[in-house]
There are 2 protein chains.
Amino acid sequence: MEFTKRLLEQFLTLAEEKHFGRAAERLSMSQPPLSQAIQRLERGLGATLLDRRPGDLRLTPAGAAFAVEARRLLDAQTAVVERVRRVAQGLEGDVRVGYVSILSHRHLPRLLRAAAEELPGLRIHLHQDSTATLVEMLRSGALDLAFIRDPSPVSDDLAVHDFASERIVAALPDGHRLAGSDSIALEDLRDDDFVLLNGTALPGLALQARLACREAGFTPRCRADADDLTGLLGYVAAGLCVSLMPEDLRGFPVPGIAFVPFRGSSPYLRTTVAAVRRTDADAAVHRLLDLITRHAGRP
Amino acid sequence: MEFTKRLLEQFLTLAEEKHFGRAAERLSMSQPPLSQAIQRLERGLGATLLDRRPGDLRLTPAGAAFAVEARRLLDAQTAVVERVRRVAQGLEGDVRVGYVSILSHRHLPRLLRAAAEELPGLRIHLHQDSTATLVEMLRSGALDLAFIRDPSPVSDDLAVHDFASERIVAALPDGHRLAGSDSIALEDLRDDDFVLLNGTALPGLALQARLACREAGFTPRCRADADDLTGLLGYVAAGLCVSLMPEDLRGFPVPGIAFVPFRGSSPYLRTTVAAVRRTDADAAVHRLLDLITRHAGRP
DNA sequence: CGACTCGATATCATTAGCCATATGGAGTTC
DNA sequence: GAACTCCATATGGCTAATGATATCGAGTCG
């Protein structure tokens, strides 16, 4: 039994009109083929749908039930078309997004809010991990999009889009001679003891910090190192060293530490990029990526 | 866009096999028409369903969504057929049943239980009213089946089926000289004061009680009357009169009253019949009516 | 580079679904 | 009972859906 739209439409019209002649007219056809279509329908269903009493056509209980179901089938079909089109256009769907922990502070909530407003049909699945793991997951198809650290080992099957560049600021202990300044120059710290990242966890930041010092014309005297930011913060708060950190941390006041920006053309840490597979044709991913690039670089 | 079963089946098979050749083989057709069918489907939907990369066919997000929806559409169609057939066979549906209050004591719960077990797909809508009103509702189509009193004004557009015959018993005050008997004869009460129904509420019972006395060879001396059974019970419990009542009431002991059956061929009150419209072809009504007649006459 | 795989395209035959006209037949009305 | 209403039946034409064969073209691999 095949339920074509035409057949369902014919039955529904007949169910409304309760008159073969009028229904046929509304359907722009003659009466006999309508009779036959309905008969085929009844044979196919194995049930009588109409109580044909002379001059008074009415639906049997089965016919009334089928009228309801027929309308549902029609609605379901158009709904399927709608849904598939929306998925194809990326207005509906699932996107698996990976990110490094730093992002969560400020950018991620803002992005999620914007996505929920602009692309309400998207379900975004979040996964936090290290840059290296995220790249691997992205390449293997376990993720669709990832916010990762740059510089990082990005092969050419991935396309990257600049997302957020954070400036480096100085982290000084409260008692430091420059702790009260509005801004300083990096070379003002050439004679200070530094604590820097050793590069195991955040290689990008560790590298950039050293590069910035070299550009400023000195090699930082490293009194200590640490493998994550909280370690750095501990050393600085103890008053033993100064350090360089992403400006993001200024939003989280740490007792005993002053974050002071650099003057003029200060060293940048180009931190976060959004990466996707070059071959990925998923429209939802591209819509999300578009939204991300439009939100890139904002504070 | 028309979703024939064949087309959905073709897409689903292809979605499983991810290979045009193998899918065509499983569908007992050659590969080219399958390609064309899928292309027509994609054009009709206005969306690309397959990612055709050489040697590795995969579904696009839209294709994956459509695969889910296609399966749902197929299931929905077969479910519709099933449902319509069940309604046509009377295994599913709505039946509006009217009944007179007496019935509710014992028969109605039993019937509903049996119906729920034997015809679980039926939704039974209950309505209690007087015999006259029920007959009118039945005829006008507001009810499908009614348990009514007999004798009653049943026109020949209704078909009636005997359902329950209740015997008349004597209701005697506890102190009555026959209150302890196992059974008595109606003429034993010829000199007692009676309280009987005046016929406004339960004309059948009122009439039958008087007919029974006439058959026993006497006219009951009516000291009082009442328009319902509780009125009768009050008079009897007060010790003022005896009365005649349906034996149903023996199940509800009333303080101060003894119900005593009549000996031998005691007078019957043929109380309740199930009535339906003769022209009604509703299979659910007939199934229920069949169940009712099979349960007729049981205690 | 040549064979192979796999999907797309071109062309054609068959069928059956759909609708039209003409007619039949039951029931109602005046 | 004659005209009318209304649905069913009979018959025929047309279109469009369906699938088969043959071929092409891109990509892969030894």
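Reminder, nothing fancy here: chain letters follow the sequence lines and each chain counts from 1. Every value quoted in this text rests on a predicted model; they were computed, and no experiment measured them.
Residue A:Leu27 contributes atom CG, which lies 10 Å from atom P of C:dA20 at whole-angstrom precision. What separates CZ of A:Arg6 from C1' of D:dA16 is a distance of 15 Å, to the nearest Å. We find that CD of B:Gln36 is positioned 20 Å from P of C:dC6, with the value rounded to whole Å. Regarding B:Leu49, its CG atom lies at a distance of 12 Å from the P atom of C:dA8, rounded to whole Å. Residue A:Met29 contributes atom CE, which lies 4 Å from atom P of C:dC19 at whole-angstrom precision. Atom CG of B:Leu50 is separated from atom C1' of C:dC6 by 14 Å (rounded to the nearest Å). Rounded to whole Å, atom P of D:dA17 lies 13 Å from atom CD of A:Glu2. Here the P atom of nucleotide C:dC18 and the CG atom of A:Leu41 are 11 Å apart, to the nearest Å.
The residue B:Gln10 sits close only to the backbone: its heavy atoms come under 4.0 Å of sugar-phosphate atoms, none of a base. Contact annotation for B:Arg53: no contact, since no heavy-atom pair falls under 4.0 Å across all strands. Residue contacts shown for B:Arg40 are limited to sugar-phosphate atoms, with no base heavy atom under 4.0 Å away. Across all strands shown, A:Gln31 has heavy atoms under 4.0 Å from base atoms, whether or not it also approaches the sugar-phosphate.
Residue B:Ser30 places no side-chain N or O under 4.0 Å from the OP1 or OP2 atom of D:dG19. Regarding contacts with the backbone of C:dG7, every side-chain N or O of B:Ser35 stays at 4.0 angstrom or more from both OP1 and OP2. The side chain of A:Arg52 places an N or O atom within less than 4.0 Å of a non-bridging phosphate oxygen (OP1 or OP2) of D:dA8.
Distances from the side chain of B:Thr4 to the nucleotides D:dA22, C:dC19, D:dT18 place D:dT18 closest. Side-chain atoms of A:Pro32 lie closest to D:dA10 of the nucleotides C:dC19, D:dC7, D:dA10. For B:Gln39, the listed nucleotide lying nearest its side chain is C:dT9; candidates were C:dT9, D:dA8, D:dC7.
Using bins of under 30°, 30° to 60° and over 60° for the plane-to-plane angle, the ring pair A:Phe163/A:Phe147 lands in the tilted bin.
Under a 3.5 Å cut-off, the side chain of A:Glu2 and the backbone N or O of B:Lys5 do form a donor-acceptor pair. A:Asp144 contributes a side-chain N or O that, together with a main-chain N or O of A:Arg96, makes up a donor-acceptor pair within less than 3.5 Å.
Note: A:Phe11 and A:Phe3 fail the aromatic proximity criterion, with ring centroids not under 6.0 Å apart.
When side chains are defined from C-beta on, A:Glu82 does not count as touching A:Glu92, because their heavy atoms never get closer than 4.5 Å.
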